[in-house]
Each structure stands twice: as structure tokens, then as C-alpha cells.
Amino acid sequence: MGPAELLGVTTMSLTAPRRAALSEFVLRTPAVGPAVALVFAVVLFSLTTDTFLDVDNLSLVVQQSLVVGTLALGQTLVILTGGIDLANAAACVLATLLMAKLAVGGTASPVTLLAGVAVAVAVGLTTGGVVTAFRLPPFIVTLGVLTILTAASRIYAGGQSYPVTDGLLGWLGTRQYLFGQIEVTFGMGVALALYLVLWYSLTRTAWGRHVYAVGNDPEAARLSGIHVRRTLLSVYVVAGLVYGVAAWQALGRVPNADPNAFQTGNLDSITAVVLGGTSLFGGRGSVLGTLVGALIVAVLRSGLTQAGIDNLYQDVATGVLVIVAVAVDRLSRRRQR
Amino acid sequence: MTGVDGRDAPLEPVLSARALVKRFGRVTAIDGSDFDLMPGEVLAVVGDNGAGKSSLIKALSGALVPDEGEIRVDGRPVRFHGPLDARRHGIETVYQDLALAPAQDVASNLFLGRERRRPGVLGRVFRLLDTRGMRAEAERVLGELGIGVRSMSQPVETLSGGQRQGVAVARAAAFGTRVVIMDEPTAALGVAESAKVLDLIGRIRDRGLPVVLISHNMPHVFEIADRIHVHRLGRRVALVSPAERTMNEVVGLITGALRVGADGELEEVRDAVRTGLTRTGGGTAE
Ligand SMILES: Nc1ncnc2c1ncn2[C@@H]1O[C@H](COP(=O)(O)OP(=O)(O)O)[C@@H](O)[C@H]1O
Ligand SMILES: [Mg+2]
């Protein structure tokens, strides 16, 4: 607090800092900035390319963002607590392999699906357990988990990839046509439902408030009577569950389990979270922002492809965007102090 | 008037401690301290920075678990394993650094860790929070305590220091049913805001709740306290009445220039400085 502020404080009812209503709305609704950026990107690519605004192309953009969008949903939870998950794509890949291999071996498909989700949950439980029991930084723990899972997937796959023919495992890729022309998949519905459920849990339940509080200031949360470790553990478990669904999404999108898939899935999920306005410092952000962030990543990639720009330059553009988003986050934090 | 030693008091203390010890590595933050809070009183806890006041009240509020010693609530021994345990006994605390979630709004902070759900299926099955009810309740509590905050949905980080303090104090006052503890609640406040907090403490006492007030401000302490617990080098060195002692005497006890003799009277300590330095580890800065 600056001296001017100290002098200005005269009564308890006080001179609350007068902010413009608009900037307060933006501050409290962190998804607004990203949404504006998304609209801007869509308009830009619509104007600069002929094909972008095509209904089929837009549908494809959404389909392409499903796996990363789902991974980013779990990632949001972890980042909200002030952590980061480097192993989410790896957990997803292992789950797809497990499902595909079990299916090849003739296991009933509901069991297969459950086993895939269960392995992702088990990874989350282990990660969360290690993070909370030994108070280790999630960055380091998930880096270790990433290394282990990557190796485990390769060993388990034995240098092969496994095509999926099972109906249930590929079900999320099933196409439907809305109004006879808009192509949608069940995967979109599942992703949307998952986002809604977590949006609800984060904003309308005590658990959600505790997640934010733990990310905001763990010691304050503890002193306020919140079970910090229990909350953290639950976050990693729920994130694992979401990654399990991401694996199901992945098989719907590409019916083939490959140990080398989703190499950029993890970074893309972090990118989506950050672009969605969730703070890497924890305690601030929203899953709706992440939804927008995931769409921004997909729009950017698709738009740049349509504009004939090489993949590698797309990576460069995404990287620049992430750094800008983190810088904006940092600067807006500083202004609030 | 109460004697120098709390154990001679006629009533049973609401909250008391005997021979508490808490070590942080080589630092002994609480060094065999006693503590007694009587029903309905405002007890000021005074002492130098690093004397161990915050550590003492953290032990009393479950925020840290003492290595040794005993805590009693209404005469019954208790063991607090966390802040929730103390809360369940009706002990509410305003910590020195407030323990608020800065990004969350006023109402959320007031109910942090004890959120209310909607009645019926919505609350039981869907765990839906009663956001509106909590806002209304927050508005009522803050209004009652005279803490002016523009909106209950304002993030705490956008409040002034005084308002934040007000929210933390309101939280303790609203939920405390046995004891309210405040660790330097006026340290960051201006004159008028401090006066409001003092007023608030008076009102909490009028409701029959005893208050533990940690403060460096001697005029405040002498204005509001019924008794003064002087803390030095990790333990209680005196328990005095502001009516019987002067500010200078209390300051002498804090610095170690004076001490309570065997006859209960104050006596000068000649090598005060050395006494302070011989303590192993020792509390230095905050
Ligand atoms: N969590 C902690 N870890 C290590 N040392 C601590 C901790 N808390 C307090 N201390 C030390 O204990 C001593 C007493 O601190 P504190 O209780 O904050 O005193 P006061 O509130 O009277 O200023 C200080 O030397 C302080 O550095
Ligand atoms: Mg202190």
C-alpha cells in the first residue's frame, strides 16, 4: 500500500478504489478478454481466407480442438490450485493404448473403456498423492510422471500402434448433422457436458471455492479451515478422470492408439489454459476461459493452415501468444497490488 | 481486580494454557508459556516483535500444534490438530496476515471453509451453494458491525486495508461463540479505522464474548483491555491490570527492564540486556 493510499483511508466505509464498471467486469469475468481475441481471430481469418468461415471447416476446427480442449479442462483444475500438469497427454496416451489393446484382446468394450479411464484416474491419484504427501512441487512430480508414462507406453505398445474397431471406443467420433448440414460429433456433446459439470462444480459448490482458495493462498485456506491436502488430491483425481475421457475422445477422433501420438498435447493444453485467462500463479481463472482458449488454438492453427502458413510457423505463433498471455496476466496482477 | 497470577482468579478461565512449548528448529517460539482468558474480558497480549505472541495464539487457535504443554477450554483439556478443531470449540481468530483469499469476494471470504448450501435436493445432491443467502448474511453482519463495503461480490483484493481488516474481523465476530482472538488488527490501519476496530472489540465484549487482542499500541491497550498479558522471550512474564499499572511499567515489562518479583511487585532488572541475549536461539525479527 502506498503512502497516498494510507492517507486517503479515513473511514472504514471507505473510498473503495473507483474502477470503471467495464474494467471490473473484465477483471471478474476473466473469459471476456480471450473471447474478444477469439472473435478477432475468427473475423481475421474469415476476411483473409476464402475457406475459413465455411461450416464444414468450422466444425472441423471444433473437432480438432476436442482432445486438447478436454486435456486443457483437467489442466485448468491443476493450474487453478497453483500447480501444473506436464503429464496429462502422456496419461491420455497410455489410456488409449490400454483400451485399444484390451479391445484387440477381446475384452468387453464397457470394461475396456472403464479400464482406460481408471488408469488415468490412478495416475492422477498417484500424482496428487505424491504432491500432497511430500509437499513436492507439481512441476517436478509431473515431469517425473511424464517420463515414466512415456516409457511405459512405449514398452506396453511394443513398437506398434493399435487400430480400434470397437463401436463404443470409437463412439465419440460418430457424426450427426444438425439442420442437415452442420456436422457435429458425440465427442462435442461429451466435451461440452464435461465443461458444464466442471464449470458448475467450480463456481457453484464449496469444493470449487476451496480449489480457488487453495490456489490463491494455501496458508490462508488452511487457516480458514479448508482441508488443503484433501482438496488438492481431489483435483488431481478429477483431472485424471477428465484425461481418461480425453483418451476416449482421442479414439473417437482417430481410431488408432499410438504411443507417439499427442506429442504437443501437453503444451497445447497449457497454452489453451493460459490463453483462456487462467493465471499460472493459481487461484484465478475459469474453465469457460479454457474452452475459449482451446478454440483460439484450434482457430489459429486452422486459419494459418488455410492461409498457407507452415506448421512450424504456427508453433512459433502459438508460442508468442502464450508468452503474451502470461505477460498480460502478470501485468494485470501487478496493477492490482 | 485480578491478581498478577491468573491461577488465583476466582472464575474458571474460558481458554487457558500451561507450559506450552513450540520450537521451530533452533528457534523456540513458545518457551513454556502460560495463558489465561477469563469469561467476558478483553485480554491484551503485548510484547516485542518476535516475542512469540503470534505463535502463542496460533497454538490456541489450532493453527500450530505445540510440542509440549496443555490447552484447556472451560477447564477441559483439548488437543487442536488444526484450525477447524479450535473453531468447533467456538474459537475464532483474526490472524496477523488475515487469512483471506484475495481473489474471492467479500461474501465468499466471510463463509470460506463453512459455506452454506441450498436446502433440499439442490443442496444435498447437487451441492449447490446458497450464494444469495450468504451474500445477504454477509451484508447483515458487516452492516451490524459498521464495516462499510460497497458490494458483497467485490473481490477482497480490491478493498482498502481497513476494509480487508474489517472483513476478517467480521468473520471472527460472526462465527465466534466462545472466544475471539485478534492478532494486531489495527497494525495496518489509520487512526479512524483503528478506532472502529476498537469499537468493534467493545461490542463483541458487550455480547459476552471474551476477546484476546494482540497489539503494540499502548494507548489502545489501556483504553480497552481488562487485563494485560505481557509476553517476553516466548513466555508470559506478567499478567497485570491496566488500572493498577502505568504504560511505562508495562513497557518496562515488555523490554525486560522490569520484572515481577517473588512478592508480586515490579522490580528493576539491572542486566536486562544480558538477560535478553542469553536466550538460546532467540526471537529476532518477525
Ligand atoms: N513458522 C515458523 N518457522 C520458523 N520460525 C518461526 C515460525 N513462526 C514464528 N517463528 C519464529 O518464532 C519467533 C516468534 O515469532 P512470532 O510468534 O511471530 O512473534 P510475535 O508475533 O510476537 O512477533 C520468531 O523468532 C519467529 O521468527
Ligand atoms: Mg506477530
Side-chain angles (χ1 to χ4, degrees), chain A residues 1-3 5-19 21 23-25 27-28 30 80 197 200-231 279 281-286 333 335-337, chain B residues 58 61-63 82-88 93 95 97-105 108-109 111-118 122 126-129 131 145-151 153-163 165-166 171 188-193 195-197 199-200:
Chain A
M1 202 190 289
E5 232 172 305
L6 271 174
L7 289 174
V9 171
T10 45
T11 106
M12 204 105 156
S13 57
L14 314 148
T15 51
R18 249 177 254 148
R19 282 170 199 284
S23 83
E24 192 172 311
F25 175 69
L27 257 180
R28 261 199 261 153
L80 278 177
V197 166
Y200 176 89
S201 306
L202 281 172
T203 59
R204 298 291 184 270
T205 73
W207 176 77
R209 287 195 178 174
H210 296 177
V211 169
Y212 279 92
V214 166
N216 219 206
D217 184 340
E219 178 65 2
R222 183 182 80 88
L223 293 176
S224 299
I226 290 170
H227 296 284
V228 175
R229 288 180 186 205
R230 210 182 289 172
T231 306
S279 171
F281 306 101
R284 297 155 210 270
S286 74
R333 287 297 93 77
R335 215 183 40 208
Q336 276 165 23
R337 295 283 149 230
Chain B
K58 278 188 173 170
S61 68
L84 271 179
D85 291 342
R87 263 194 193 182
R88 286 196 194 100
T93 310
Y95 293 99
D97 40 19
L98 300 187
L100 298 173
Q104 280 175 274
D105 67 25
S108 305
N109 266 285
F111 285 91
L112 197 58
R114 56 185 135 215
E115 292 81 2
R116 280 187 202 158
R117 292 202 299 265
R118 291 270 278 274
L122 284 179
F126 295 99
R127 323 300 282 177
L128 181 63
L129 287 177
T131 308
L145 295 173
I147 299 158
V149 170
R150 192 158 46 100
S151 153
S153 51
Q154 204 177 338
V156 157
E157 65 199 348
T158 65
L159 300 176
S160 73
Q163 286 174 312
Q165 194 77 53
R171 177 164 77 174
L189 302 187
V191 177
E193 287 187 307
K196 276 216 159 187
V197 170
D199 195 48
L200 216 80

Determine the minimum heavy-atom distance between B/A86 and B/G62, stating which atoms define it.
CB-N, 4.1 Å

What part of [X] is in contact with chain A, defined as an atom under 4.5 angstrom from a non-hydrogen atom: side chain, backbone, both or neither?
X: B/F111; result: neither
X: B/L128; result: both
X: B/R117; result: neither

Judged by atom type as modelled, is there a donor-acceptor pair below 3.5 Å linking the side chain of B/S151 to the main-chain atoms of B/S153?
yes

Flag, side chain of A/Y200 to backbone of B/F126, donor-acceptor distance under 3.5 Å:
yes

Pair B/R87, B/T93: side-chain N/O donor-acceptor within cut-off below 3.5 Å
no

So which residue, A/V214, A/T203, A/N216, ends up with the most heavy-atom pairs under 4.5 Å with chain B?
A/N216

